**Q** 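Before anything else, here's the structure in question.
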Amino acid sequence: MAQTAYEPKILGFLCNWCCYTAADSAGVARYQYPPNIRVIRVMCTGRIDPVFLIDGFLNGADGVFVGGCHLGECHYISGNYEAQFVVAFAHEILKELGINPERLRLEWASAAEGAYFVKVITEFTQWLKDVGRLGTSEKIAPEELKLKLKAAVMALEGSKLRMNFAKEAVKLKEKRERGEALEVAVSEGLKNTIKKEIAFYLSSLYLKQGPHSVSDLAQKLNFPEAEVEKFISALSKKGLITLQQQEPVPIYVAKS
Amino acid sequence: MKKVLVIGGGVGGIEAALELANLGHYVYLVEKSPFLGGLIPSLLKTYPVCFYCNFFPKLSECENHFNIQTLTQTQIKDIEGQVGQFKVKAIRESRYIDMNKCTSCGLCAEQCPQEIDYPFNGSLRKRKAVYLPHPWAIPHKYVIDKNACLFFKDKSCRKCEEVCPVQAINLGTQSEELELEVDSVIFAAGASLSDPAICERYHYLSLPNVITGMELECLLKDSIKLYGHLVRPSDKKRVKKVAWLQCVGSRELNKDKCGYCSSVCCMYALKEALISRKTSDVEATIFFMDLRAYGKYFEEYYQKAKDLGIRFVRSRVHALSPSPEEGNVIVKYADENGDLIEEEFDLVSLSVGFHPSADVVAIAQKLGVNLNKYHFVETTSFTPVQTSRPGVYVCGVFQEPKDILDTTTQSSAAVAEVTANLNTLSSSKKMESPVAWEEKETKIGVFLCQCLGTISEVIDLEAISQELQADPEIAFCDIYPSLCSLEGRKFIQEKIKELGLSRILIGACSPKLYELHFQALVKEAGVCPYLMEMANLREQCAWPHLEQRELATQKAKALVKMALAKLRLDKAIRRQVALPFKSILVVGGGIAGLVAALQSAKLGFEVYLVEKAEQLGGIVNKIHLTWKGEDAQAYLKNLLEEVTNHPRIHIYTKAEVVDSSGQIGHFKTSVKTSSGIKHIEHGAIILASGAEGYRPKEYLYGKHSRVLTSLELQQKIFQQAPEVINAQKVVFIQCVGSRNNEHPYCSRICCTQTMKNALLLKERNPQADIYVLYRDIRTYGFKEDLYREARAKGIVFVRYDVNDLPRVEMLKRPSGRGFLPKLRVEVNDSLLKKKLILDADIVALATGIVSREDNRRLAQIFHVPIDEHGFFKEDVRALSAVNSMAEGVFVCGLAQGPKFIDESIAQAMATASKAAQILYGDQIELTPFVSEVIDENCDGCGYCVEACPFKALRLVEYMNQGEVKKVAEVNVALCQGCGVCQATCPKNGIQVANFRLDQFSAMIEAALETV
């Protein structure tokens, strides 16, 4: 049952030059907002690694907030454009995990916009109260959620997904610098990589939990068996899993 | 220690004070208002690029600098004496609040019964009689507005005195008289804004929706905050149609008081119109005479405004009147067809200009400083910051109306002059920190600040403290009433020394306010300043959660633990260069290079001056008169003599830089000279490589001998060339090679050059008919006088449209030899809407300035970026036009962008001050927050190289155990520490010092830890 009176935990990343200053000026003006947000000050939103955002959820955040300078006003020229893509990318990951992407919010607030910061945080906190704890509105069991987030973090720390992400971020930057109209969206190719990489790490985690056959895994992951076979062979090659029994169907388990 | 008085705490004064202090002077920074910053805090943004966020750290740096005494609410009464012994009398008004005690908790303002409208027409806010004007006000101490306070009205209220928890308020204190002795004086007093009430036709006092530009900035700020869009003062109705009226209080003909152009109003109106359009979708109309977008990137900004649909009407508005529609204003003007139009607007903004402040004028006069007819300080082109009194300097608007970057240039120039003339560097020793921080065992000291109740009344600091006591690494944890007080400072330093604390956590106010302060404090006690972290318990915890003590305490606990998590993993980083070379390389021997070299040599540095040509002097060799009419040749001759005879200046002519390596403090540069390659070691670089005049391809230039450029024309005038002196009809064409597709920028000087040349011709031949074909006349500042004079002398101005350029043709050559074909100019007068045919004896092309091709080569050699027009890019974030984007490399003169001689000289002097600040002392302390490559992780994929906004990264190859390894390399001179590279890196192969991934993950964990 969804709890109505719970205090959502919000992790915030605010850029030093704009949004952090907006939060300060809100305080000076004694504007009141819910005390749910825990703020990490970053020099630039462009330095926010996608892994921070997912790591936040893994560590128990119900919502993650990123606040930077308005587009075109970045202290470091273009960092907030990078942040825009990082957040779009993280949104895709959340979707893949079955988590409501609105739990990760990106806003711009200039140093003078203390009142706006308050409005946004108040609304976000209320919204999180309404939808409930992470996982409740998504109807994912806590352990399952944790496992999925863990897999996503592993995928984000793995070089394959990072490589593809970086490639696309750089492409977008080049486009922007050429002055082309741009839509900050994650390509289908990258979405596929997200899907595959998360499934791959998730299967490794499932195998850590216990022995599985390929079709068990495929069912749990909702992923084609042929792909899962590939995961299995990759994991075996890395020496991470072992064949527990061959008959009637091969069953695999992680090496202890 | 030499002492310097800086009059004025605006941007010019702050820059001057900081630079002086960094060069070992003691500075009295005197400001008449209660806060520092001058006009800037009331602005919305800066144009054309916004560097607003870089301004406030300077204010707090100023306040925290041990060599600066900031005296707010202080008026100079008298100055007498001479260099080395000025005696200054000043009166410091009482703030009624003891700044040493006030913690800016705000209780006084909360309890103050007297609420007034902000004394600023545009503001929608109210404030109390005791107040802070904005959240980042420096000094961050409350002040009492005597005019609003009930105590000063009828002694009926002393509420603030009663409620102040630290007894900081005493309404009985008196103003005090100060006597200061100083060696030198800098006027950085800025100016006031012109009062539109003087001119009745604007009805400024009677129409509530007629406001000034500065008021509009405030209104925009407030109304976007409160309503999300622009509203007007009278009825808070959403504004749809706004008019900007330019030149209010500027360019008023026949008035000695304000005949000049205020130089900044066109641009700030553009900025306001752009912001209003973007945020509130208003229909914006700018009524103007000439749109003076003369500075670097200004023309592009103007273009952007046009593209966004801002309407420009070339007309001086006759009058404003109230409309029958409540609150609206009717603007009466003549359009370009000469028809009288009445148009209705919701809001009218008057773009007011600068007027010197009467009180400062009085002091300057008392001191015997010569002022011009407008009461600005008189200077020459060659000594742009020197007043008529030795030892007394000027910078900023009080010298001539100008924008922020031109102001800070002059501030630096004035600092260079003061330092050279007082011979400061030889007599003072720089305060330096230890070469390495001792690595001790981890002993964390936690200091929690009650902020005299402000924090502790909301947050249960005891509970936090108790929890922390259990941590074995925390050697000390205590709660103190006020850490920023003198006692608090002492307390922290004593505990550090007594217990040998190695890392410090301060749980107090916002790091944005006090980080610098506490860094300096722990450094003084022997702890690396980067082993200090702050938890923001006030602005982001106690204040916004006043009624939720329990949750606020939980949050505070988390904030402290997060800071602690980072602190544990912080490294005792530092980046410094020891024993820098005390020498400077100057590239370019034009006027800027010569002045930079001479000024640097005067400051005591060895200078290597490299010039490509055989002769020094550059473009000034071809210039006879400055715009003020001074003899440029005589000046150049003197300057050359001084430079060539100076024992510390080593000159290489016909020489070229071919290679350079090293970093700030330790550069090594190879110079190709006629006698082989010279290797020079130097600590800083000044790029003064100049620019070129545009060589026209248009208007028959080069095909007809009577089509001349402005420079050629001036030379011919001085050579008394008969074809010029006796010419009956001379046609000037403006914007040749400027403001077009090929060169989209304005060349800044051509309009004034044309005025000067046209007047010279008129002087020599009063009968001559002179026509100037122009697009906008951009004679900003006092150059406007020349324009007015030209008009008065009968020079005809014809405006043409950029889409309908003038045409110059040769009429058929008459038979016989020795006859020149006649020149005919055809132009469509866009004002009179008629075609003019002018048979000209001389056609003078006001050619623009174009960058040198060589800049690209120099940019590569010295790793400094250039802009898309080929001029060196400045780092506006340093609030300076002479800092390049690379550490230790400075730019000045035409190499940075088109400008006048006086502006080039000021920039050149400024570079000398900047270079001296680096090289002065035995070590250079640099920001350690730069990226570092983790070699074992980096596989040379290069994504970071592409992602870096500052082009500070590149790929390099080296041999690693017999194999070629490719890795990224950071140019720390360009790196700004934003961390975008780290977020892009697929392999965890690059990181910013003390902002590492492990630190973030520790902070994330601490943030969300269940309490």
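A quick note: this is a predicted structure, and the numbers were derived from the prediction, not measured. In the text below, chain A, chain B and the rest are named by the order of the sequence lines, each starting its count at 1.
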**Q** Between the side chain of A:Lys173 and the main-chain N/O of B:Glu946, is any donor-acceptor distance below 3.5 Å?
**A** yes
**Q** Taking B:Pro511, B:Pro57, B:Gly106 one by one, which has the highest count of heavy-atom pairs under 4.5 Å against chain A?
**A** B:Pro511
**Q** A:Tyr33 vs B:His545 aromatic rings, parallel, tilted or perpendicular, using cut-offs 30° and 60°?
**A** perpendicular
**Q** Relative to chain A, which segment of B:Lys45 carries a heavy atom at a distance below 4.5 Å: side chain, backbone, both, or neither?
**A** side chain
**Q** Among A:Glu113, A:Glu82, A:His75, A:Met43, which residue forms the greatest number of heavy-atom pairs with chain B at distances under 4.5 Å?
**A** A:His75
**Q** With a cut-off of 6.0 Å (strictly less than), are more than 12 heavy atoms of other residues, nucleotides or ligands near CD of B:Glu550?
**A** no
**Q** Identify which of A:Asn16, A:Ile48, A:Ile10, A:Leu161 forms the greatest number of heavy-atom pairs closer than 4.5 Å to chain B.
**A** A:Asn16
**Q** Among A:Ala26, A:Ala169, A:Ala115, A:Ala111, which residue has the highest count of heavy-atom pairs closer than 4.5 Å to chain B?
**A** A:Ala111
**Q** Is A:Lys167 close to chain B through its backbone or its side chain, or both, or neither, when contacts mean heavy atoms under 4.5 Å?
**A** both
**Q** Using only atom types and a distance under 3.5 Å, with no angle test, would you say the side chain of A:Lys9 pairs donor to acceptor with the backbone of B:Leu1008?
**A** yes
**Q** Tell me, do A:Ile77 and B:Phe950 make a side-chain contact under 4.5 Å, heavy atoms counted?
**A** yes
**Q** Among B:Ala542, B:Ser104, B:Ala983, B:Gly977, who wins on heavy-atom pairs under 4.5 Å with chain A?
**A** B:Ala983
**Q** Below 4.5 Å from any heavy atom of chain A, which atoms of B:Lys555 appear? Answer side chain, backbone, both or neither.
**A** both
**Q** Looking at A:Glu180, I want to see if its CD is surrounded by more than 12 non-hydrogen atoms of other residues, nucleotides or ligands under 6.0 Å.
**A** yes
**Q** Please state whether the side chain, the backbone, both or neither of A:Pro50 comes within less than 4.5 Å of a heavy atom of chain B.
**A** side chain
**Q** Would you check if the side chain of A:Arg162 reaches a backbone N or O of B:Cys985 as a donor-acceptor pair within less than 3.5 Å?
**A** yes
**Q** Rounded to the nearest 0.5 Å, what separation is found between the CD atom of A:Glu168 and the OG1 atom of B:Thr984?
**A** 13.0 Å
**Q** Would you check if B:Cys941 and A:Met163 make a side-chain contact, meaning some heavy-atom pair closer than 4.5 Å?
**A** yes
**Q** Check A:Val170 against B:Ala947 and note the closest heavy-atom contact, atom names and distance.
**A** CG2-N, 4.4 Å
**Q** Using a distance-only test with no angle check, is there a side-chain donor-acceptor pair under 3.5 angstrom linking B:Gln540 and A:Asp24?
**A** yes
**Q** Which atoms of B:Met562 are under 4.5 Å from chain A, going by heavy atoms: the side chain, the backbone, both sets, or neither?
**A** side chain
**Q** Who wins among A:Ser78, A:Gly60, A:Ala23, A:Cys44 for the most heavy-atom pairs under 4.5 Å with chain B?
**A** A:Ala23
**Q** How long is the gap from CG on A:Asp49 to OG on B:Ser1001, to the nearest 0.5 Å?
**A** 10.5 Å
**Q** Side chains of A:Tyr20 and B:Asn536: closer than 4.5 Å at any heavy-atom pair?
**A** yes
**Q** So which residue, B:Cys981, B:Ala1007, B:Cys978, ends up with the most heavy-atom pairs under 4.5 Å with chain A?
**A** B:Cys978
**Q** Which atoms of B:Asn988 come close to chain A, meaning under 4.5 Å heavy atom to heavy atom: side chain ones, backbone ones, both, or neither?
**A** neither
**Q** A quick test of your reading: do over 12 heavy atoms of other residues, nucleotides or ligands sit less than 6.0 Å from NZ of A:Lys146?
**A** no
**Q** In terms of heavy-atom pairs under 4.5 Å with chain A, which of B:Glu110, B:Gln976, B:Glu539, B:Lys221 leads?
**A** B:Glu539
**Q** Taking every heavy-atom pair that is under 4.5 Å apart, which of A:Asp55, A:Val118, A:Ile40, A:Leu11 has the most such pairs with chain B?
**A** A:Ile40
**Q** Quick one: of A:Tyr116, A:Tyr31, A:Phe52, who has the most non-hydrogen atom pairs under 4.5 Å with chain B?
**A** A:Phe52
**Q** Under the side-chain contact (heavy atoms from CB on, under 4.5 Å) criterion, do B:Lys512 and A:Trp17 qualify, and how do the steps go?
**A** CA-CA 9 Å; B:Lys512 299 274 310 184; A:Trp17 303 97; 4.3 Å; yes
**Q** For A:Val28 and B:Trp543: C-alpha separation, side-chain torsions, deciding distance, then whether side-chain contact (heavy atoms from CB on, under 4.5 Å) applies.
**A** CA-CA 7 Å; A:Val28 175; B:Trp543 280 348; 4.0 Å; yes
**Q** Under 4.0 Å between a side-chain nitrogen and a carboxylate oxygen: does that hold for B:Glu515 and A:Arg41?
**A** yes
**Q** Would you check if the side chain of A:Arg30 reaches a backbone N or O of B:Leu546 as a donor-acceptor pair within less than 3.5 Å?
**A** no
**Q** Any chance you could lay out the side-chain contact (heavy atoms from CB on, under 4.5 Å) test for B:Phe995 and A:Val42, step after step, and finish with the verdict?
**A** CA-CA 8 Å; B:Phe995 285 97; A:Val42 289; over 6 Å; no
